[in-house]
Amino acid sequence: MMKLLVSFLLAVFSITATAHDGTSHDHGLLISDAWAPHTGKRTMSAAIYLKIHNQGAENDALIGVRSKRASMSMLHESKEVDGIMQMDHVDVMPVPAGKMAELQPGHHHIMLMQLTEPLKRGDTFRITLAFEEAGDVEVIVDITGIGGPE
Ligand SMILES: [Cu+2]
């Protein structure tokens with residue numbers, strides 16, 4: 001009975017923690033600072049940036065992303081090829097044990113294609129990240145100005 005109560009309290013605590021500060025603790029992954037620049041009136045696409053701190057002892061990898069806000073969500077990496085910035089789809093982003101993996105402008109990002117509606121500054125929305133080891137982790141994304149969080 002005591003054991004049940006403890007795990008129930010832990011579950012409640014982790015839900016509350018997610019709701020309050022927008023970060024998630026799962027299998028040693030600390031996900032923070034998730035943001036997406038607002039899109040004005042456009043619904044073509046949007047980028048999402050965030051930080052993944054792997055505080056665990058095991059390597060993990062980001063292998064997918066889902067969101068109800070777009071008809072397609074994927075991992076992208078920006079690269080400069082012959083002086084021109086290009087974006088490529090990537091299947092896997094490594095999240096090594098003890099390291100910080102960062103999705104940031106000009107590098108890795110999450111791309112949402114064909115938004116259900118524009119991303120409005122000040123709003124938030126949910127995405128689900130899929131990790132090889134940790135499984136699904138839900139993240140709350142802040143919609144910011146073009147330059148990101150202030
Ligand atoms: Cu992209």
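Just follow the structure's listing: the first ligand is 1, and inside any ligand the first atom is 1. Residue numbers start at 1 and run along the sequence shown. Below, all heavy atoms of this structure are taken into account, side chains as well, without hydrogens, waters or symmetry copies.
Between the side chain of Asn54 and the backbone N or O of Gly98, no donor-acceptor pair lies under 3.5 Å. Between the side chain of Arg69 and the backbone N or O of Pro118, at least one donor-acceptor pair lies under 3.5 Å. Ser67 contributes no side-chain N or O that, together with a main-chain N or O of Ile127, makes up a donor-acceptor pair within less than 3.5 Å.
For the Cu ion (ligand 1), the neighbouring protein N/O/S atoms at less than 2.8 Å, given as residue and atom, are His76 ND1, Met87 SD, His109 NE2, Met111 SD.
Two residues are said to be in side-chain contact when any heavy atoms from C-beta on lie closer than 4.5 Å; Leu50 and Leu129 meet this criterion. Counting heavy atoms from C-beta outward, Asp88 and Lys79 have side chains that approach closer than 4.5 Å.
Screening residues 37-59 for salt bridge (Lys or Arg N to Asp or Glu O under 4.0 Å) gives Asp33-Lys51 as the qualifying pairs, with residues at least two apart or on separate chains.
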